[in-house]
There are 2 protein chains.
Amino acid sequence: MTLTYSEEKYLKAIFEVSEAGNRSVATNDIAAATKTKPASVTDMLRKLSDKQMIEYRKYYGVSLTEEGKKAALMTIRKQRLWEVFLVEKLRFSWDEVLEVANELEHIQSPLMVRRLDEYLGFPKFDPHGDPIPDEFGDVKVRPRLAIAEMDVDSTGQVVAVKDNSPAFLRYLDKIGVYIGARIKILEKVEFDGSVEILVDNKKTIFMSKDMAVNIMIMT
Amino acid sequence: MTLTYSEEKYLKAIFEVSEAGNRSVATNDIAAATKTKPASVTDMLRKLSDKQMIEYRKYYGVSLTEEGKKAALMTIRKQRLWEVFLVEKLRFSWDEVLEVANELEHIQSPLMVRRLDEYLGFPKFDPHGDPIPDEFGDVKVRPRLAIAEMDVDSTGQVVAVKDNSPAFLRYLDKIGVYIGARIKILEKVEFDGSVEILVDNKKTIFMSKDMAVNIMIMT
DNA sequence: ATAAGGATTTAGATTAATCTAAAAAATATA
DNA sequence: TATATTTTTTAGATTAATCTAAATCCTTAT
């Protein structure tokens with residue numbers, strides 16, 4: 001089954017929205033994720049349904065079929081491999097990769113993807129800590145917790161961020177938080193959910209709840 | 001001026017056709033180069049003319065403006081840099097790169113192109129021996145001659161091939177001709193233009209005129 | 001239980017890139 | 001040079017992806 005550039009974008013968006021919340025995904029959420037209008041989404045849903053990529057009941061949202069999920073995972077695999085390439089080989093910073101990777105992910109060449117994976121040393125995680133599906137669509141899961149969910153005095157290592165917006169990533173750079181940093185929770189403020197943490201045993205930083213829910217830790 | 005994927009393809013095609021022959025390029029030749037129909041070409045010519053990328057007089061063919069030529073050279077630059085990447089880093093053979101490079105060349109990111117160039121060590125020629133324009137569109141020219149144009153007993157080094165079709169490239173691989181090979185003309189057959197050559201001072205091969213006009217030598 | 005409000009779909013257009021078939025222009029040939 | 005052939009353009013459609021505005025369906029709060 002061959003998919004257009006747009007169909008790939010929608011399948012990936014549906015997968016990502018369904019990862020975040022429930023299995024059944026709303027039209028409005030897909031529209032937000034793809035930066036299109038709900039009416040455009042409905043059109044595309046019919047097409048994807050015809051191609052057996054999604055389970056679609058009018059007015060009741062969609063879920064991916066096995067085939068649709070596989071396709072979404074392959075697009076995500078390509079996106080994340082290219083992100084690793086851009087950061088490790090072309091010295092992009094982690095806030096610069098998303099836009100370009102979102103174009104590169106649609107290049108069609110199974111041989112290129114396999115060779116790229118091999119060339120990069122079969123990485124398991126992208127620069128934001130998200131897992132890279134293997135060629136069968138299998139992903140390595142790491143049990144992880146947002147900083148906001150951790151107890152005082154508990155420790156761990158930053159393994160991922162939930163928000164990949166350049167603004168957020170640049171701020172993390174600035175305060176010295178990166179994938180792999182070791183952190184310890186020093187204090188949690190009940191009132192507003194903000195936290196104080198120790199980074200790499202040397203730097204104390206204070207962050208709002210908004211930040212603390214977007215930084216993922218493996219303990 | 002921002003160009004669509006298709007506009008880039010047409011500009012590149014016009015450039016390549018004009019390189020091969022005259023400055024004024026025919027609608028039919030563009031159609032052949034882009035694998036579209038002449039009617040589609042005419043439509044696109046109007047668009048490119050509106051964008052000041054070409055000089056277009058109905059029924060009299062087209063030529064690129066300075067801006068159009070610059071755009072074509074930038075696309076060619078990207079194509080050839082990606083070809084180097086695919087061959088040198090991902091171990092593609094020279095007959096496998098064209099298709100993928102023709103997709104990659106449309107990725108928009110000046111930063112990526114600059115970094116890719118740097119990462120590859122600022123290569124001046126692609127795997128087929130064709131020059132890679134620099135960021136200003138300047139190309140390094142090498143004086144070169146087709147094997148068919150060389151005299152008996154003259155020697156030189158293979159620097160490029162004119163035909164990039166997989167069939168041709170695979171055949172060259174098979175008979176041991178590659179970019180950089182040293183050759184000597186042993187004999188030229190008047191009747192049909194075929195030649196006998198010595199490759200790397202050790203292997204004698206015979207080739208038809210069709211081959212001999214497509215292999216370029218620097219003496 | 002129903003009316004209001006929000007979400008979703010449908011209807012009807014638009015834009016870009018392509019096509020086929022027919023018309024028009026340029027070129028080649030007898 | 002007049003006609004035949006080839007090339008190019010125009011006219012009119014088609015397909016994919018999108019949009020706005022209007023209609024329809026679902027949910028929720030009174």
Side-chain angles (χ1 to χ4, degrees), chain A residues 1-14 17-18 20-64 68 71-72 75 102-103 105-106 108, chain B residues 1-14 17-18 20-64 68 71-72 75 102-103 105-106 108:
Chain A
M1 176 66 62
T2 135
L3 298 167
T4 66
Y5 187 106
S6 274
E7 287 166 347
E8 277 192 358
K9 272 199 302 188
Y10 278 94
L11 285 175
K12 187 180 128 183
I14 294 168
V17 173
S18 75
N22 302 346
R23 38 233 125 286
S24 186
V25 173
T27 301
N28 263 353
D29 293 343
I30 301 170
T34 53
K35 291 179 184 153
T36 58
K37 303 293 167 188
S40 310
V41 173
T42 302
D43 285 347
M44 184 55 88
L45 293 184
R46 186 142 10 84
K47 239 182 298 183
L48 290 172
S49 186
D50 290 348
K51 289 196 172 184
Q52 325 257 312
M53 291 289 158
I54 59 174
E55 214 72 73
Y56 175 45
R57 256 187 65 217
K58 271 203 290 198
Y59 294 104
Y60 285 91
V62 295
S63 59
L64 295 170
T75 304
N102 278 342
E103 284 197 64
E105 74 194 9
H106 301 292
Q108 302 289 359
Chain B
M1 175 67 63
T2 136
L3 298 166
T4 67
Y5 187 106
S6 273
E7 287 166 347
E8 277 193 357
K9 272 199 303 186
Y10 278 93
L11 285 175
K12 187 180 128 184
I14 294 168
V17 173
S18 74
N22 302 346
R23 38 233 128 285
S24 185
V25 173
T27 301
N28 263 353
D29 293 343
I30 301 170
T34 55
K35 290 179 184 153
T36 59
K37 302 294 169 187
S40 309
V41 173
T42 301
D43 284 348
M44 183 56 86
L45 293 185
R46 185 138 16 81
K47 241 183 297 184
L48 291 172
S49 186
D50 289 349
K51 291 196 170 183
Q52 326 256 314
M53 291 291 159
I54 58 174
E55 213 72 71
Y56 175 45
R57 255 186 65 215
K58 271 203 295 199
Y59 292 105
Y60 285 91
V62 295
S63 58
L64 296 170
T75 304
N102 278 341
E103 283 197 62
E105 74 192 8
H106 301 291
Q108 302 289 0

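The two residues B/Glu7 and B/Thr4 come nearest to each other via the heavy atoms OE1-N, 2.9 Å.
The distance from atom NE2 of A/His106 to atom P of D/dA16 is 18 Å, rounded to the nearest whole Å. The OH-P distance, from B/Tyr60 to C/dA25, rounds to 11 Å in whole Å. Computed from coordinates, the B/Asp43 CG to C/dT15 P distance equals 15 Å when rounded to whole Å. To the nearest angstrom, C1' of C/dA16 lies 12 Å from NZ of B/Lys9. In this structure, the OH atom of B/Tyr5 is 17 Å from the P atom of D/dA16, given to the nearest Å. For the pair B/Ile30 CD1 and D/dT7 C1', the computed distance is 13 Å after rounding to whole Å. A straight line from CZ of A/Arg46 to P of D/dT18 spans 14 Å, rounded to a whole angstrom. Between A/Met44 atom CE and D/dT15 atom P there is a gap of 16 Å when expressed in whole angstrom units.
Phosphate contact (OP1/OP2 of D/dT6, side-chain N/O of B/Asn28, threshold under 4.0 Å): absent. For A/Ser40 and D/dC19, the shortest distance from a side-chain N or O to OP1 or OP2 is below 4.0 Å. The side chain of A/Thr4 places an N or O atom within less than 4.0 Å of a non-bridging phosphate oxygen (OP1 or OP2) of D/dA17. When the side-chain nitrogen and oxygen atoms of B/Tyr10 are compared with OP1 and OP2 of C/dT18, one or more of them lie within a distance under 4.0 Å. In this structure, B/Thr42 does not reach the D/dT10 phosphate: none of its side-chain N or O atoms is under 4.0 Å from OP1 or OP2.
For A/Lys37, the listed nucleotide lying nearest its side chain is D/dT20; candidates were C/dT10, D/dT10, D/dT20. When the nucleotides C/dA21, C/dT18, D/dT8 are ranked by their closest atom to the side chain of B/Ala26, D/dT8 comes out on top. Checking C/dT18, D/dC26, D/dT8 against the side-chain heavy atoms of A/Tyr59 singles out D/dC26 as nearest. Of the candidate nucleotides C/dT18, D/dA16, C/dT8, C/dT18 has the atom nearest to the side chain of B/Ser6.
Residue A/Lys51 places its NZ atom among more than 12 non-hydrogen atoms of other residues, nucleotides or ligands, all under 6.0 Å distant. Counted within 6.0 Å of CD on B/Gln52, heavy atoms from surrounding residues, nucleotides or ligands total 12 or fewer; the atom is thus considered open.
At a threshold of 4.5 Å between non-hydrogen side-chain atoms, the residues A/Met44 and A/Ile54 do not count as touching.
Both A/Val41 and B/Lys58 lie close to DNA chain D; mapped to their nearest nucleotides by heavy-atom distance, the more 5′-ward contact belongs to B/Lys58. The 5' end of DNA chain D is approached more closely, in terms of each residue's nearest nucleotide, by A/Glu7 than by the other of A/Glu7 and A/Ala39.
With hydrogens and angles ignored, the 3.5 Å screen pairs a side-chain donor or acceptor of B/Ser24 with a backbone N or O of B/Tyr60.
When heavy atoms are screened at a 4.0 angstrom cut-off, A/Tyr56 is found touching the sugar-phosphate backbone but no base atom.
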